[in-house]
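Every chain is numbered from 1, with letters handed out A, B, ... down the list of sequences. Reckoned from all heavy atoms, side chains included, excluding hydrogens, waters and symmetry mates.
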Amino acid sequence: MSSELTKRIYQIVQDIPYGKVATYGQIARLAGNPRAARAVGFAMRRAPDSLCLPCHRVIFQDGSLCTGFAFGDPQIQRQMLKKEGVTFDDQDRVRLDRHRYIPEPGGMPDGNPSL
DNA sequence: GTTATGACGACCG
DNA sequence: CCGGTCGCCATAA
């Protein structure tokens with residue numbers, strides 16, 4: 001069965017609030033493996049419906065969506081996010097700077113999020 | 001146990 | 001800016 005890492009991924013994705021989005025890389029990072037971005041994608045596909053994972057809130061680090069697969073149609077995910085209040089730029093990319101999911105909002109005073 | 005694939009990300013040209 | 005390639009991790013065959 002899924003390794004601890006994968007289970008961690010499910011928990012993180014499930015913890016993504018409404019109107020927010022997270023990238024595969026960030027999820028992998030939160031899961032403990034910053035390089036497991038691909039594993040995250042794999043986990044999403046393997047994710048059981050029982051968990052009701054908001055995989056539509058999981059996007060690329062670039063802010064682009066996983067067009068070509070979606071839930072049947074590539075535009076579905078984009079519309080779902082828009083419906084949640086997520087905004088897109090002229091390039092159909094999510095404004096991560098505005099909808100980036102932050103597990104620990106500390107509000108770095110110096111603006112040094114150690115990214 | 002090894003090889004191949006993928007809903008990624010970073011790097012190079 | 002865009003396209004192609006390599007690398008990393010986990011799962012399937």
Whole-Å gap separating P (dC8(B)) and CE (Met44(A)):
12 Å
Length of the line joining Arg38(A):CZ and dA10(B):P, which is rounded to integer Å:
13 Å
For dC8(B), does either OP1 or OP2 sit under 4.0 Å from a side-chain N or O belonging to Thr23(A)?
no
5′-ward residue of the pair Asn33(A)/Gln91(A) relative to DNA chain C:
Gln91(A)
Roughly how many Å is it from CD in Gln61(A) to P in dA10(B), rounded to a whole number?
5 Å
Length of the CZ-P vector between Arg8(A) and dC9(C), whole Å
17 Å
Gap between atoms CZ and P, on Phe42(A) and dA4(B) respectively (whole Å):
16 Å
Grab the CD-C1' distance between Gln26(A) and dA10(B) for me, whole Å please.
17 Å
Hey, are the side chains of Arg100(A) and Arg95(A) touching, using non-hydrogen atoms and a 4.5 Å cut-off?
no
Is a donor-acceptor pair below 3.5 Å formed from side chain Arg29(A) to base dG9(B), judging by atom type as modelled?
no
Is Leu96(A) reachable from Leu30(A) through a run of hydrophobic residues whose side-chain heavy atoms are each under 4.5 Å from the next?
no
Need to verify one output field. Residue with the more 5' nearest nucleotide on DNA chain B, Ala39(A) or Pro34(A)?
Ala39(A)
In whole angstroms, how far is the C1' atom of dC6(C) from the CZ atom of Arg35(A)?
13 Å
Classify the nucleic acid contact of Tyr24(A) as base, sugar-phosphate or nothing, counting any heavy atom under 4.0 Å across all strands shown.
base
Any side-chain heavy atom of Pro103(A) sitting closer than 4.5 Å to one from Gln26(A)?
yes
Rounded to whole angstroms, how far apart are CG on Asp89(A) and P on dC1(C)?
12 Å
Under 3.5 Å, is there a donor on one side chain and an acceptor on the other for Glu84(A) and His56(A)?
yes
